[in-house]
Colleague: 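Handing you this structure, nothing more for now.
We count ligands from 1, going down the list as the structure has it; atoms in each ligand are counted the same way.
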Amino acid sequence: MSLIIIAAHDPNLVIGRDGTLPWHYSEDLKFFKKTTMGHPLLMGRGVFEELKEKPLPGRENVVLSRSKKYDHVPVFSEIKDALQYLSNHEKVFIIGGGEIYRQTLDIADELVITEIKKEYEGDVFFPEYRDKIGTIWKETWREDHDNLSFMRYLRVKP
Ligand SMILES: NC(=O)c1ccc[n+]([C@@H]2O[C@H](COP(=O)([O-])OP(=O)(O)OC[C@H]3O[C@@H](n4cnc5c(N)ncnc54)[C@H](OP(=O)(O)O)[C@@H]3O)[C@@H](O)[C@H]2O)c1
């Protein structure tokens with residue numbers, strides 16, 4: 001199973017503000033949908049609440065929470081148990097938010113990053129990884145647009 005983090009951040013690694021995204025870029029939403037469609041999504045309770053507790057269609061939605069249970073989606077109180085549950089899938093996408101990105105950056109196989117070019121105010125940040133590009137993370141693909149760039153980084157295997 002390949003564990004893939006997918007996230008969009010601004011130049012200062014801002015990813016969220018007041019429980020939601022600080023921006024709206026329809027090309028990024030389309031990219032997210034196309035990239036993740038058909039694959040399971042692993043998310044924190046914060047993201048699931050942002051989705052108004054409605055699972056994203058066409059993908060199995062799995063939630064991490066130590067405080068809540070939902071009848072309509074699997075919930076795990078440990079990341080390792082969620083990954084065990086999803087272990088027969090070829091790819092699993094970790095879709096945030098900040099707490100979950102921080103806890104999974106060290107075990108992710110791949111990063112799919114949207115670099116937003118404009119700066120935003122924020123209260124949730126993606127963990128620092130850019131200092132390890134070229135050592136731990138190898139850029140494998142990029143696509144530049146006017147307002148953002150789509151990037152892929154693969155973990156360099158020792
Ligand atoms: N730009 C992007 O790509 C992007 C992507 C996703 C989210 N975001 C933004 O990020 C923000 C939300 O992030 P967040 O950090 O506040 O919340 P989050 O990471 O979505 O969820 C945090 C919650 O997850 C649960 N949790 C955390 N670690 C856990 C673990 N090891 N095991 C089980 N449960 C665990 C806890 O729930 P309990 O308290 O219930 O235990 C915790 O309160 C929003 O602003 C959102 O818009 C941005």
Colleague: Would you mind checking which non-hydrogen protein atom is closest to atom 25 (C) of ligand 1, with the distance to 0.1 Å?
Modeller: Leu64 O, 3.3 Å

Colleague: Does ligand 1 have any atom that is closer than 4.0 Å to a heavy atom of Phe76?
Modeller: yes

Colleague: Could you list which atoms of ligand 1 come closer than 4.0 Å to a heavy atom of Ile79?
Modeller: 31 (N)

Colleague: Considering only heavy atoms of Ile95, which atoms of ligand 1 have at least one such atom less than 4.0 Å away?
Modeller: 5 (C), 6 (C)

Colleague: Is it the case that ligand 1 has an N or O less than 3.5 angstrom from some N or O of Ile6?
Modeller: no

Colleague: Closest heavy-atom contact between His24 and Leu29?
Modeller: CE1-CD1, 3.4 Å

Colleague: Applying a heavy-atom cut-off of 4.0 Å, say which part of Thr20 lies close to ligand 1: side chain, backbone, both or neither.
Modeller: backbone

Colleague: Check if Phe48 has a non-hydrogen atom at a distance under 4.0 Å from any atom of ligand 1.
Modeller: no

Colleague: For atom 48 (C) of ligand 1, find the nearest protein heavy atom and state the residue, atom name and distance (0.1 Å precision).
Modeller: Ile15 O, 3.1 Å

Colleague: Which residue from Gly98, Gly122, Gly46 reaches closest to atom 13 (O) of ligand 1 through any of its heavy atoms?
Modeller: Gly98

Colleague: Are Glu60 and Val62 close enough that some pair of their side-chain heavy atoms sits under 4.5 Å apart?
Modeller: yes

Colleague: When rounded to the nearest 0.5 angstrom, what is the spacing between CD1 in Ile94 and CE in Met43?
Modeller: 11.5 Å

Colleague: Using a 4.0 Å heavy-atom threshold (strictly under), name the region of Ser67 that reaches ligand 1: side chain, backbone, both or neither.
Modeller: both

Colleague: Assess the side chains of His9 and Tyr101: does a donor N or O sit below 3.5 Å from an acceptor N or O?
Modeller: no

Colleague: What I want to check is whether the side chains of Arg59 and Thr36 have a donor and an acceptor closer together than 3.5 Å.
Modeller: yes

Colleague: Please state whether Met43 comes within less than 4.0 angstrom of ligand 1, counting heavy atoms only.
Modeller: no

Colleague: Kindly give the heavy-atom pair with the smallest separation between Gly122 and Val14, and that separation in Å.
Modeller: CA-CG1, 3.7 Å

Colleague: What distance separates Ser149 OG from Ile113 CD1, expressed to the nearest 0.5 Å?
Modeller: 12.0 Å

Colleague: Can you name the atoms of ligand 1, numbered from 1 with element, that are less than 4.0 Å from a heavy atom of Arg17?
Modeller: 45 (O)

Colleague: Answer with yes or no whether His9 contacts ligand 1, where contact means a heavy atom under 4.0 Å from a ligand atom.
Modeller: no

Colleague: So which protein heavy atom does atom 5 (C) of ligand 1 come closest to, and at what separation?
Modeller: Tyr101 OH, 3.2 Å

Colleague: What atoms in ligand 1 come closer than 4.0 Å to a heavy atom of Ser77?
Modeller: 32 (N), 33 (C)

Colleague: Starting from atom 16 (O) of ligand 1, what is the nearest protein heavy atom, named by residue and atom, and what distance separates them?
Modeller: Val124 CG2, 4.4 Å

Colleague: Does Gly97 reach ligand 1 with a nitrogen or oxygen that is under 3.5 Å from one of the ligand's nitrogen or oxygen atoms?
Modeller: yes

Colleague: State yes or no: are the ring centers of Tyr70 and Phe48 separated by less than 6.0 Å?
Modeller: yes

Colleague: Please lay out, stage by stage, how Thr135 and Val156 fare under the test side chain to side chain contact (heavy atoms under 4.5 Å, CB included).
Modeller: CA-CA 7 Å; Thr135 53; Val156 176; over 6 Å; no

Colleague: If hydrogens are left out, which of Arg102, Arg45, Glu99, Glu49 has an atom nearest to atom 42 (C) of ligand 1, that is, the closest non-hydrogen atom?
Modeller: Glu99

Colleague: Considering only the protein, which heavy-atom contact is closest to atom 4 (C) of ligand 1, and what is its distance?
Modeller: Leu21 CD2, 3.7 Å

Colleague: So which heavy atom in the protein is nearest atom 44 (C) of ligand 1, and how far is it from that ligand atom?
Modeller: Gly19 C, 3.6 Å

Colleague: Quick check for you: to the nearest 0.5 Å, what is the distance between Asp28 atom CG and Phe32 atom CZ?
Modeller: 9.0 Å

Colleague: Is it true that, when you exclude Lys138 itself, more than 12 heavy atoms of the residues, nucleotides or ligands shown sit nearer than 6.0 Å to its NZ?
Modeller: no

Colleague: Using a 4.0 Å cutoff against the non-hydrogen atoms of Val47, which atoms of ligand 1 qualify?
Modeller: 6 (C), 7 (C), 20 (O)

Colleague: Does Glu128 pair with Arg102 as a salt bridge, N-O distance under 4.0 Å?
Modeller: no

Colleague: Check the pair Tyr129 / Trp137 against ring-ring contact (aromatic ring centres under 6.0 Å, His included), numbers first and verdict last.
Modeller: CA-CA 8 Å; Tyr129 68 98; Trp137 298 111; 7.5 Å; no

Colleague: Parallel, tilted or perpendicular for Trp141 and Phe31, by the 30°/60° rule?
Modeller: parallel

Colleague: Nearest to atom 28 (N) of ligand 1, what protein heavy atom do you find, and at what distance?
Modeller: Gln103 NE2, 2.8 Å

Colleague: Any nitrogen or oxygen of Ala8, main chain or side chain, under 3.5 Å from a nitrogen or oxygen of ligand 1?
Modeller: yes

Colleague: Is it the case that the side chain of Asn61 and the backbone of Leu41 share a donor-acceptor pair, with hydrogens and angles ignored and the cut-off at 3.5 Å?
Modeller: no

Colleague: Write out the residue and atom name of the closest protein heavy atom to atom 46 (C) of ligand 1, then the distance separating them to 0.1 Å.
Modeller: Glu50 OE1, 3.1 Å

Colleague: Is the backbone N or O of Asp106 less than 3.5 Å from a side-chain atom of Arg155, with the two atoms forming a donor-acceptor pair by type?
Modeller: yes

Colleague: What part of Asp123, side chain from CB on, backbone N/CA/C/O, both or neither, has a heavy atom under 4.0 Å from ligand 1?
Modeller: neither

Colleague: Does Trp23 have a heavy atom less than 4.0 Å from any atom of ligand 1?
Modeller: yes

Colleague: Against heavy atoms of Ala7, which atoms of ligand 1 measure under 4.0 Å?
Modeller: 3 (O)

Colleague: Looking only at distance, does Arg66 have an N or O less than 3.5 Å from an N or O of ligand 1?
Modeller: yes

